[in-house]
Amino acid sequence: MQTDATKLDRTLLGRIFPIGSHRDSQGILTIGGVPVTRLVDEHGSPLYVFDEETIRAQCRAYTRPLTSNYPDSLVLYAAKAHADPTVASIVASEGLGMDTVSSGEIRVGLAGGMPPERMVFHGNNKLEREIEYALAVGIGRIVADSLDELDLIEDVAKSREQIAPVILRITPGVEAHTHDYIRTGAIDSKFGLPLESGAAEAAVERAMRASCIDLTGLHAHIGSQVFDLEPYADTVNIILDFALEMKHRYGLNLRDFSPGGGFGICYGESDDPPDAHEFVTTISHAIDQRNVTPKPRLLIEPGRSIIARSGVALYRVGTIKDIPGVRTYVSIDGGMADNIRPALYGAQYSAVIANRVSANKLETVTVAGRYCESGDVVLRDINLPPMVRGDILAIPAAGAYHMAMASNYNLVGRPATVLVNDGTVRVTRPRETDEDLLLGFSQPEL
Ligand code: LLP
């Protein structure tokens, strides 16, 4: 853990907090040109702050190297990481498309001005009405996840007298070293058509014969928060081998190829993932080495690595309970309902006391959430300066899979989100109030 202010700057403020975050002359954490004390005073806590400059920079971290290495490509922002029309509009203006997994996410894309043809519809059990909706709005591609789903897409397309543009999701059998719950490329997965069982080949054959399906290509996704480059190169080779076989056997013309997303990011100072440039170069070189002609369009699907760093969770410190000889619990006003990741995956985070960023005297504490569950611990055994009620705790790398997975457990409203940019602040999602929550129910007959 951090021991001095200089190191704090270099590791946390330099790599994990949004670009341009700094400690101002009064020791207050400033994000996007706005002191977080002001943000919490004006918008309350918990508060999720997103920095526009960082979102744009992360988009460009992918689009720039692709422009030179693989121009016929499209970066799809995986909206499951954080679905918000404002974010959709920012990534659309950076030339990205969107990976969606529900009609809700497709609507978010459309509300953000994302062109439907730049959206791809994923999911292992898309509903019939969602497939209908996707086709009605002119979605770019539907990724079929099973033979059964391929038939459903064909039926819906037929009834609409439409041709559905379809990509098949293949399970490549590649082991990505990440948490079990977020690993998807291995054979025992609910996602995709396994190569080994013959399901992938059967799907190609069926899709090539189907009158209302235009099979445009193949997709694979090996997992999330992946730190290794080799599994991506392996995936490219496995899928391109398969594509070649399918070309010879069934005349498949591979127009789209996607090795998915999952590129890992930094949550703490010990994390050292490859950067976007290295992921992109590994994938594009692996394709280049195969001399595929014509070269397919490359689709990649980063979610977390586009949005996580731009987001910071701000909480107020409340009750502090010292159990002598055991541990000190510092409770905050949020927790597992806005960030399920520590409880679900054992995810580890960093933190600073944002109203007085300094780290000269440290003590080991455990930061607990407010929810009625012993497992609601956000930071276990973290070294932080002594805290008092009312301090603001800032957790960086909070932009992905926090608000997107948030719940109303204990019937607590979800936090507000704001977007900061060069000194300006915009509320992108108002805080849910108790009244909002009650409006979600029918009134009982009294
Ligand atoms: N493409 C597909 C087909 C996916 O299933 C996913 C993530 C992505 C792209 C984007 O992956 P990313 O670049 O964001 O890693 N809730 C978990 C992560 C679940 C990922 C689900 N699929 C977490 O909080 O770590």
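Keep in mind that this is a model prediction, so the values were computed, not measured.
Residue pairs satisfying the ring-ring contact (aromatic ring centres under 6.0 Å, His included) criterion with at least one member in residues 55-87, sequence neighbours excluded, are listed as follows: F50-H82, Y62-F263.
Proximity of D214 to R141: side-chain heavy atoms (C-beta onward) are nowhere separated by under 4.5 Å. You'll find the side chain of V377 reaches within 4.5 Å of the side chain of R380, heavy atoms only. The closest side-chain heavy-atom distance from V352 to F17 is below 4.5 Å. Residues S258 and I300 fail the side-chain proximity criterion, which asks for heavy atoms closer than 4.5 Å. You'll find the side chain of P342 stays beyond 4.5 Å of the side chain of Q348, heavy atoms only. Contact check for V143 versus V166: no side-chain heavy atoms found under the 4.5 Å cut-off. Taking the side chain as every heavy atom from C-beta outward, I395 and V378 approach each other to under 4.5 Å. Looking only at side-chain heavy atoms (C-beta outward), L254 and P296 come within less than 4.5 Å of each other.
In this structure, OG1 in T171 is found 6.5 Å from CG in L193, a value given to the nearest 0.5 Å. Distance CZ/F121 to CE/M119: 11.0 Å, rounded to 0.5 Å. Put simply, CG on L240 and CD1 on I287 are 6.5 Å apart, with the number rounded to the nearest 0.5 Å. For the atom pair CG of D271 and CD1 of I16, the computed distance is 7.0 Å after rounding to the nearest 0.5 Å. I139 contributes atom CD1, which lies 7.5 Å from atom CG of L110 (distance to the nearest 0.5 angstrom). Considering CD1 of I265 and CD of Q58, their distance stands at 9.0 Å, rounded to 0.5 Å.
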Please walk me through it: do F191 and H221 pass ring-ring contact (aromatic ring centres under 6.0 Å, His included)? CA-CA 9 Å; F191 295 106; H221 173 75; 7.9 Å; no
Criterion side chain to side chain donor-acceptor pair (under 3.5 Å) on T417 and T428, from CA distance to verdict: CA-CA 6 Å; T417 63; T428 41; 2.8 Å; yes
Trace of the side chain to side chain donor-acceptor pair (under 3.5 Å) decision for T328 with D322: CA-CA 4 Å; T328 301; D322 182 31; 2.8 Å; yes
Apply side-chain contact (heavy atoms from CB on, under 4.5 Å) to residues N69 and T281 and explain how you reach the verdict. CA-CA 7 Å; N69 289 4; T281 312; 3.7 Å; yes
Check the pair D436 / T433 against side chain to side chain donor-acceptor pair (under 3.5 Å), numbers first and verdict last. CA-CA 5 Å; D436 292 334; T433 63; 3.2 Å; yes
Residue pair L419, V425: steps toward the side-chain contact (heavy atoms from CB on, under 4.5 Å) verdict: CA-CA 6 Å; L419 183 77; V425 185; over 6 Å; no
Show the numbers, then the answer: is there a side-chain contact (heavy atoms from CB on, under 4.5 Å) between I306 and C59? CA-CA 6 Å; I306 296 286; C59 292; 4.1 Å; yes
Passes side-chain contact (heavy atoms from CB on, under 4.5 Å), R118 versus L74? Steps please. CA-CA 8 Å; R118 271 200 250 151; L74 181 61; 4.0 Å; yes
Could you walk me through whether Y315 and D338 pass the side chain to side chain donor-acceptor pair (under 3.5 Å) check? CA-CA 11 Å; Y315 303 99; D338 63 86; 2.5 Å; yes
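A salt bridge does not link D24 with R356: none of the charged nitrogens is closer than 4.0 Å to a carboxylate oxygen. A salt bridge does not link E132 with R160: every distance from a Lys NZ or Arg NE/NH1/NH2 to an Asp or Glu carboxylate oxygen is 4.0 Å or more. Salt-bridge annotation for K80 and E105: absent, with no side-chain N of the basic residue lying under 4.0 Å from a carboxylate O of the acidic one. A salt bridge is defined here as a Lys NZ or Arg NE, NH1 or NH2 lying under 4.0 Å from an Asp or Glu carboxylate O, and R316 with D391 fails to meet this definition. A salt bridge does not link K190 to D145: none of the charged side-chain nitrogens sits closer than 4.0 Å to a carboxylate oxygen.
Surrounding CD of E128 are at most 12 heavy atoms belonging to other residues, nucleotides or ligands under 6.0 Å away. For D41, the CG atom sits in a packed shell: over 12 heavy atoms of surrounding residues, nucleotides or ligands are nearer than 6.0 Å.
In the model, Y349 has a side-chain atom that pairs as donor or acceptor with a side-chain atom of R341 under 3.5 Å.
Of the options V280, L66, T63, a side chain to side chain contact (heavy atoms under 4.5 Å, CB included) to S73 is made by L66 and by none of the others. Under the side chain to side chain contact (heavy atoms under 4.5 Å, CB included) rule, S102 has a single partner from R107, K126, E130, H122, which is E130.
A donor-acceptor pair under 3.5 Å links the side-chain atoms of R431 to the main chain of P46, judged by distance alone. Judged purely by atom type and a 3.5 angstrom limit, D275 uses its side chain to pair as donor or acceptor with the backbone of E278. Judged by distance alone, the side chain of S146 and the main-chain N or O of N124 form no donor-acceptor pair under 3.5 Å. In this structure a side-chain-to-backbone donor-acceptor pair under 3.5 Å is missing from Y409 to E373. Of the possible donor and acceptor atoms, none in the side chain of D228 sits under 3.5 Å from a partner among the backbone N and O of P231. Proximity of a side-chain donor or acceptor of D376 to a complementary backbone N or O of C372 within less than 3.5 Å is not detected. Between the side chain of R255 and the backbone N or O of L215 there is at least one donor-acceptor pair closer than 3.5 Å. With hydrogens and angles ignored, the 3.5 Å screen pairs a side-chain donor or acceptor of E432 with a backbone N or O of R414.
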Cut-off 3.5 Å, no hydrogens considered: what does the side-chain donor-acceptor table look like for residues 27-39, sequence neighbours left out?
unit_1 : atom_1 : unit_2 : atom_2 : d
T30    : OG1    : I28    : O      : 3.4

Could you pull out every donor-acceptor pair under 3.5 Å between side chains of residues 363-371 and any protein atom, sequence neighbours left out?
unit_1 : atom_1 : unit_2 : atom_2 : d
T364   : OG1    : N383   : OD1    : 2.7
T366   : OG1    : R327   : NH1    : 2.7
T366   : OG1    : D381   : N      : 3.2

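Taking both residues in full, the closest heavy atoms of G413 and L437 are given as N-CD1, 3.4 Å, listed atom of the first, atom of the second, then distance. Across all non-hydrogen atoms, the minimal contact from A397 to H402 is O-NE2, 4.2 Å. V312 and A394 get closest at one heavy-atom pair: CG1-CB, 4.0 Å. Closest approach of A134 to I106, counting heavy atoms only: CB-CD1, 4.0 Å. A pairwise comparison of heavy atoms in L299 and P259 identifies O-CD, 3.3 Å as the closest pair. Heavy-atom minimum distance, T216 versus I167: OG1-CG1, 3.4 Å.
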